[in-house]
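Report on the following structure.
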Amino acid sequence: MFYNFFYNRRTDHTIVLTTHQQYTLGKEERLKSRKQIERLFKEGQSFNSGILKVFHQLKEGSENIPLQFGVGVGTRHFKKAVDRNRIKRLVREACRLQKNELQSLLAAQNKQLNLFFIYTGKELPDYELVSEKTAAALNKLMNIYK
RNA sequence: ACUGCAAACCGAGCUAUCGUCCCGGUAAAACGGGGAGGAAAGUCCGGACAGUACAGGGCAAUGCACCGGUGAAGAGCCGGGUGAUGAAGCAAUUCGUCAACAGAAAGUGCCACAGAAAAUAACCGCCCUGCCACAAGCGGGGUAAGGGUGAAAAUGUGAGGUAAGAGCUCACAGUUAAAAAUGGCAACAUUUUUUCCGGGUAAACCUUGCGUGCUGAAAUGCCACAUAUACCAUCUUUUGAGAACGGCCCGUUCCAGCCUGUUCUUUUAGAGCAGGGGGAUGGAGGGUAGGCAGAUGGAUUCUGCAGUGCAAAUUGCAGAACAGAUAAAUGAUAGCUGCAUCUUUAUGAUGUUACAGAAUCCGGCUUACAGGUUUGCAGAUUUU
RNA sequence: AAGCCUGUAGCCCAACGGAAGAGGCAAUAGUUUUAGAAACUAUUAAGUGUGUGUUCGAAUCACACCAGGCUUA
């Protein structure tokens with residue numbers, strides 16, 4: 001009985017995930033070019049979403065990638081590399097799980113967007129808080145580029 | 001058994017789903033394998049490696065400083081010596097801890113306050129003596145035995161000696177340097193002889209000895225893209241000036257010594273003048289910032305056995321392990337076991353937490369560290 | 001990653017190895033004023049980032065840590 005219960009739960013979970021199948025985060029979906037990042041900070045628009053500051057800019061390019069994003073944490077509030085790595089991983093994970101809606105919207109309009117998140121909070125967050133704030137930021141972006 | 005300190009070691013494990021970096025695999029997938037530490041940290045030492053056109057020498061700069069061993073090397077490690085210091089002991093001695101541990105007798109500087117005086121010591125005192133009838137007073141000289149100081153006062157004690165004194169002389173003790181003998185590879189120790197006794201400071205300048213060329217993976221090489229053989233200043237272009245040798249000098253080596261016109265000598269060619277062009281250095285800018293190599297497996301680390309050595313370490317054999325990103329992978333969620341805390345003692349609840357994240361690579365050092373294990377030392381109590 | 005610099009009252013800063021430390025702003029109290037500001041007078045506030053050493057003596061010299069800042073293209 002006990003094992004059976006868990007087996008069912010597990011299979012349900014996997015089915016839900018496989019239907020979407022888009023929770024990927026490959027090398028191509030990250031913003032890596034130094035040139036593009038500098039242009040984004042210089043010319044792009046930005047807004048604050050609680051503990052996150054978001055830079056965003058449409059770009060022209062031949063590659064067919066609707067969304068590229070990067071994450072940064074300043075050394076002012078987090079002196080230890082461990083903490084900075086932790087925050088970057090949490091934001092990246094939250095974005096990975098929630099970006100699909102925006103991605104498909106952009107793909108439908110044939111637009112390409114650069115994004116950069118900067119963590120501006122002063123304390124080490126937990127995953128739930130980061131997830132919530134990232135979702136809010138992504139919703140705001142959907143309204144802008146509708 | 002408990003507490004504290006120190007040292008060494010460990011730094012939870014397994015499973016599932018999603019995701020990620022590298023390698024293999026594939027036409028593309030699927031799939032398989034690997035993916036953070038003892039300090040990855042601080043950047044404090046030492047190397048490897050790369051560039052700089054390394055002949056060689058000197059100066060400057062900079063580092064080190066008892067001896068031997070170890071190792072690629074070191075300001076590391078191991079062993080020893082000397083000195084200081086703590087504990088135990090009647091003592092001999094034993095057991096620890098620490099040391100930038102060459103030179104102050106090459107020279108220069110500094111030594112506040114106090115004190116006569118702080119380094120060529122005469123302020124008081126003591127002694128001799130001149131002026132003077134004597135005293136007092138003034139002057140000349142000798143003298144470091146005595147003088148409330150100070151961190152430090154001119155080796156200490158005793159005797160002789162003297163006008164008074166003085167290592168002036170002697171004895172003992174201490175101390176500097178040298179020689180010899182014995183022990184030791186050596187530092188050094190012990191003994192004997194001669195000699196010195198002229199404060200401290202070299203983590204003040206410095207002297208002596210030894211070592212080091214400088215720069216640093218954003219090094220460097222190649223490919224691609226882009227641009228500007230541009231601009232300004234100085235120097236130079238026929239014999240005495242320039243450049244390189246990554247501070248300077250000697251020295252060595254290298255480059256340039258071109259073109260046009262004109263004048264003179266005149267076969268070529270050479271010299272002078274003018275102009276052009278070239279070169280070097282500096283200034284101020286412009287472009288690119290993509291890819292590949294460097295780049296991860298080598299003085300490698302660990303384990304076992306055997307050998308050498310007091311030890312650090314090392315030799316042989318066997319086995320195992322070793323990430324490779326570049327706005328930068330190593331993450332998220334769930335469950336089980338283990339562990340900790342609380343309440344209850346079938347169990348339940350909460351937490352899984354320390355210091356901390358590779359960035360060219362190695363060897364050390366230093367610092368941080370929840371909890372656990374082991375060893376050593378100290379403490380007080382309990383039991384036998 | 002590589003390399004360099006700085007820590008002194010609440011703040012800004014000075015001090016040749018020598019009384020344990022100078023100023024300015026601020027603070028507190030007083031004078032002045034009906035009250036306040038300004039001005040004037042007085043007072044308080046450091047033991048020199050931490051530790052160890054060298055020295056008779058350390059803010060100063062040396063070493064090791066801690067904290068903060070800067071440079072590179």
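As the structure is a computational prediction, the values presented were derived from the model and not from experiment. All values below come from the heavy atoms of this structure, side chains included, with hydrogens, waters and symmetry mates left out. Chain naming here is simple, since letters A, B, ... match the order of the sequence lines and numbering starts at 1 in each.
- The nucleotide rG68(C) finds its pairing partner in rC5(C), both defining distances of the Watson-Crick or G-U wobble pair being shorter than 3.5 Å.
- Proximity of Arg89(A) to the phosphate of rU20(B): no side-chain N or O atom is located under 4.0 Å from OP1 or OP2.
- A 3.5 Å limit on both hydrogen-bonding distances identifies rA313(B) as the Watson-Crick or G-U partner of rU308(B).
- When Watson-Crick and G-U wobble pairs are counted only if both distances are under 3.5 Å, rG167(B) pairs with no nucleotide at all.
- If you check rU17(B) for Watson-Crick or wobble pairing at under 3.5 angstrom, you find it paired to rA332(B).
- Thr134(A) and Gln98(A) share no donor-acceptor pair across their side chains, judged by distance under 3.5 Å alone.
- rG331(B) adopts an anti glycosidic conformation, its chi angle falling more than 90° from 0.
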Dump the intermediate steps for salt bridge (charged side-chain N to carboxylate O under 4.0 Å, His left out) on Glu29(A) and Lys99(A), then the final yes or no. CA-CA 11 Å; Glu29(A) 292 177 60; Lys99(A) 73 184 162 60; 2.8 Å; yes

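- Taking the C1' atoms as reference points, rU201(B) lies 45 Å from rC355(B), given to the whole Å.
- Side-chain contact between Leu115(A) and Phe55(A): absent, with no pair of heavy atoms (C-beta onward) separated by less than 4.5 Å.
- For the pair Leu90(A) CG and rG19(B) C1', the interatomic distance rounds to 14 Å; values are reported in whole Å.
- Of all nucleotides present, only rC131(B) satisfies the Watson-Crick or G-U wobble test against rG137(B), with each distance under 3.5 Å.
- Nucleotide rG89(B) has no partner under the Watson-Crick or G-U criteria, as no pair reaches both atom distances under 3.5 Å.
- For the pair Arg96(A) CZ and rG19(B) C1', the interatomic distance rounds to 4 Å; values are reported in whole Å.
- Look at CD1 on Ile87(A): it is 15 Å from P on rA328(B), rounded to the nearest Å.
- The side chain of Lys80(A) approaches rG357(B) more closely than any other nucleotide in the set rG357(B), rA329(B), rA327(B).
- The closest side-chain heavy-atom distance from Val130(A) to Phe117(A) is not below 4.5 Å.
- Note: NZ (Lys88(A)) to C1' (rG19(B)) measures 18 Å, nearest angstrom.
- The nearest heavy atom of RNA chain B to Leu97(A) and to Ala81(A) marks one nucleotide each, and the one closer to the 5' end goes with Leu97(A).
- Taking atom C1' in both rA121(B) and rA116(B), the straight-line distance is 9 Å, to the nearest Å.
- Remark: aromatic rings of Phe116(A) and His56(A) are distant, center separation not under 6.0 Å.
- Residues Glu29(A) and Val82(A) both approach RNA chain B. Their nearest nucleotides, taken by heavy-atom distance, put Glu29(A) toward the 5′ side.
- With rounding to whole Å, Glu93(A) atom CD is found 10 Å from rU20(B) atom C1'.
- The residue Arg84(A) sits apart from the nucleic acid: no heavy atom pair falls under 4.0 Å.
- The distance between atom CG of Asn85(A) and atom P of rA356(B), rounded to the nearest whole Å, is 14 Å.
- Within the 4.5 Å cutoff, side-chain heavy atoms of Leu58(A) are placed close to those of Tyr145(A).
- Summarising the base pairing, rA46(C) is matched to no nucleotide, lacking a Watson-Crick or G-U wobble pair whose two defining distances lie under 3.5 Å.
- Rounded to an integer number of Å, the gap from CG of Asn114(A) to C1' of rA327(B) is 13 Å.
- When Watson-Crick and G-U wobble pairs are counted only if both distances are under 3.5 Å, rG79(B) pairs with rC67(B).
- Rounded to whole angstrom, the span from the CZ atom of Arg30(A) across to the P atom of rC21(B) amounts to 5 Å.
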